[in-house]
There are 2 protein chains.
Amino acid sequence: MTSAPPPRPVRVLLADDEHLIRGALAALLALEDDIVLVAEAATGPEALAMALAHRPDVAVLDLEMPGADGVNVATSLRTRLPDCRTMIVTSHGRPGHLKRALAAGVRAFVPKTVSARRLAEIIRTVHAGNRYVDPELAADAISAGDSPLTAREAEVLELAADGAPVAEIAARASLSQGTVRNYLSSAASKLGAENRHAAVRLARERGWV
Amino acid sequence: MTSAPPPRPVRVLLADDEHLIRGALAALLALEDDIVLVAEAATGPEALAMALAHRPDVAVLDLEMPGADGVNVATSLRTRLPDCRTMIVTSHGRPGHLKRALAAGVRAFVPKTVSARRLAEIIRTVHAGNRYVDPELAADAISAGDSPLTAREAEVLELAADGAPVAEIAARASLSQGTVRNYLSSAASKLGAENRHAAVRLARERGWV
DNA sequence: CACTGCTCATGACAAACGTCATGCGTGGGC
DNA sequence: GCCCACGCATGACGTTTGTCATGAGCAGTG
């Protein structure tokens with residue numbers, strides 16, 4: 001760190017929908033002389049477009065953004081810009097999100113509770129080709145385990161998320177009402193929930209929907 | 001603004017549970033030479049304690065914090081430290097929260113989508129004794145209107161939030177099951193929801209619970 | 001090939017839920 | 001003092017649910 005400065009700085013894209021935070025982060029990262037911010041974005045699609053235009057080394061993506069969330073952007077970048085390393089920062093560290101992110105080829109998953117200095121270090125780590133996962137989130141993810149839900153159970157549960165009656169869920173999923181009730185029932189019992197609404201809540205907490 | 005600099009800088013307390021954002025904001029505010037950060041906090045109770053210890057002119061409080069949310073802290077400060085002006089910053093601008101905040105004597109309500117420069121201006125505005133409310137949030141709050149729910153309807157709805165069955169809600173509220181169902185029914189019809197679960201969702205969106 | 005697990009469906013039954021009518025008490029407004 | 005809005009309750013009704021048994025088609029695995 002105190003030895004010879006790197007010949008070429010890390011080119012970074014920063015995507016976050018909150019100007020206040022994005023601006024503040026940009027200012028802090030600008031203090032690091034081996035990191036240069038080449039683009040900023042406030043939405044998922046914008047992040048993708050900016051990345052394609054500016055070809056950063058590392059894309060720092062907020063998890064929750066309008067348009068497309070960080071993991072979706074990372075997935076697109078993986079094919080459209082394979083040399084670009086992606087990392088996710090987030091306020092809400094749900095275990096399931098971590099899994100989803102890693103599956104999408106994300107190299108780092110960081111909660112917003114870290115310091116800016118630490119974030120800069122992680123950017124360097126990622127740029128060097130390594131991975132980083134917040135230890136606490138990793139522990140949560142391991143203890144939460146995999147989703148016990150089958151694909152259809154998860155799908156039906158998601159459609160039930162806004163409190164819609166079974167008839168509507170059935171129509172939207174093109175299933176019979178009886179089938180929908182069966183899936184909801186098995187999903188709820190797998191999650192140890194009293195009813196589908198509590199099941200939705202639990203699945204959400206664990207990032208399984 | 002471009003005239004003589006103020007003789008004494010604004011003493012500011014900054015409370016946010018995300019280190020990354022708090023640190024970044026602190027750095028940005030430090031650039032403003034008429035603003036000095038006298039304390040930082042990561043939780044509601046900590047914010048209160050720090051405020052009492054350092055007596056800032058303005059307390060900048062995040063709405064969502066562990067322990068006690070920004071509005072609760074503001075309420076406490078109003079009585080414990082009346083000279084301290086409070087302002088709320090938040091990611092999620094629900095109309096109801098704005099109402100609640102203003103009722104608690106908060107002088108400004110700002111979404112995190114503003115720029116740091118703007119935030120600094122608002123801090124000065126608040127310090128000067130004026131108020132500031134984000135125009136867009138204000139419009140939302142006005143169009144959303146007041147909660148049509150009675151106290152008990154809101155209370156029962158809140159207990160129903162986690163998907164608990166009527167029997168459990170009745171037990172927790174010390175009401176009969178029939179009464180609970182009546183309240184839930186009237187609340188749902190007032191909100192135009194199909195059932196209590198959708199009603200909970202709607203009420204949450206509008207900040208009425 | 002047999003076996004297992006997922007998908008999708010049907011029918012039936014009990015429990016939970018939404019709705020309505022009705023009633024009583026209490027406190028504020030005119 | 002009367003009336004109305006609200007809080008609280010009960011009982012009854014039909015509908016929506018959760019649950020279970022059962023079965024058929026279809027993938028993947030040993």
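Residue numbers start from 1 in every chain, and the chains themselves are labelled A, B, ... in the order their sequence lines are given, proteins ahead of strands. The analysis underlying the following values was restricted to heavy atoms, covering all of them including side chains, and did not include hydrogens, waters or symmetry mates.
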**OP:** Answer yes when B:R118 and B:E121 have at least one side-chain N-carboxylate O distance shorter than 4.0 Å, and no when they do not.
**Re:** yes
**OP:** Flag the pair B:V89 / B:F109 as yes when at least one side-chain heavy-atom distance between them is below 4.5 Å, and no otherwise.
**Re:** no
Original post:
Would a 4.5 Å heavy-atom cut-off, applied to side chains only, mark A:V58 and A:L13 as touching?
Top reply: no
Original post:
Should B:K112 and A:D16 be marked as a salt bridge (Lys or Arg N to Asp or Glu O under 4.0 Å) after you check the CA-CA gap, both sets of side-chain angles, and the distance that decides it?
Top reply: CA-CA 11 Å; B:K112 283 187 181 167; A:D16 194 314; over 6 Å; no
**OP:** Check whether any side-chain heavy atom of A:R196 sits under 4.5 Å from a side-chain heavy atom of A:V166, and report yes or no.
**Re:** yes
Subject >> Sidechain N-carboxylate O distance under 4.0 Å for A:R172, A:D162 >> reply: yes
Original post:
A:S186 and A:S189: side-chain donor and acceptor closer than 3.5 Å?
Top reply: no
Under 3.5 Å, which N/O atoms of the protein pair with N/O atoms of nucleotides 12-14 of chain C?
none

Original post:
Do the side chains of B:L63 and B:V71 get nearer than 4.5 Å, heavy atoms only?
Top reply: yes
Original post:
Of A:L184 and B:E155, whose nearest nucleotide on DNA chain D comes first from the 5' end?
Top reply: B:E155
Original post:
Any salt bridge between A:R85 and A:D57, counting N to O under 4.0 Å?
Top reply: no
Original post:
Going through the checks in order, is the salt bridge (Lys or Arg N to Asp or Glu O under 4.0 Å) test met by A:D69 and A:R100?
Top reply: CA-CA 12 Å; A:D69 78 7; A:R100 212 160 57 88; 2.9 Å; yes
**OP:** Could you tell me whether B:E155 and B:R152 make a salt bridge, using a distance below 4.0 angstrom between a side-chain N and a carboxylate O?
**Re:** yes
Subject >> Terminal helix-axis angle for the helix from C:dC1-D:dG30 to C:dC30-D:dG1, with five pairs defining each axis and rounding to 10 degrees >> reply: 30°
Table of protein N/O atoms under 3.5 Å from nucleotides 21-23 of chain C N/O atoms:
none

Output a table of nitrogen or oxygen pairs between the protein and nucleotides 4-7 of chain D separated by less than 3.5 Å.
residue : atom : partner : partner atom : Å
D:dG7   : OP2  : B:T150  : OG1          : 3.1
D:dG7   : O3'  : B:R152  : NH1          : 3.1

Original post:
Is there a side-chain contact between A:L25 and B:L20, using heavy atoms and a 4.5 Å cut-off?
Top reply: yes
**OP:** Show the numbers, then the answer: is there a salt bridge (Lys or Arg N to Asp or Glu O under 4.0 Å) between A:E205 and A:R201?
**Re:** CA-CA 6 Å; A:E205 276 175 17; A:R201 228 173 35 80; 3.2 Å; yes
Subject >> DNA chain D contacts among residues 192-203 of chain B, heavy-atom distance under 4.0 Å >> reply: none
Subject >> Nearest-Å distance for atom pair NZ/P, residues A:K190 and D:dT19 >> reply: 14 Å
Original post:
Heavy-atom distance under 4.5 Å between the side chains of B:Y183 and B:L175, does that happen here?
Top reply: yes
Original post:
Does a side-chain heavy-atom distance below 4.5 Å link B:I123 with B:M87?
Top reply: yes
Original post:
Looking at side-chain heavy atoms only, is the closest gap between A:V110 and A:D134 below 4.5 Å?
Top reply: no
**OP:** Drop me the distance from B:S115's OG to A:R22's CZ, to the nearest 0.5 angstrom.
**Re:** 10.5 Å
Original post:
What is the distance, rounded to the nearest whole Å, between atom CG of B:L157 and atom P of C:dG18?
Top reply: 11 Å
**OP:** Output the distance between atom CD1 (A:I88) and atom CG (A:D62), rounded to the nearest 0.5 Å.
**Re:** 8.0 Å
Original post:
Contacts to DNA chain C from residues 165-179 of chain A, heavy-atom cutoff under 4.0 Å, which residues?
Top reply: A:L175, A:S176, A:G178, A:T179
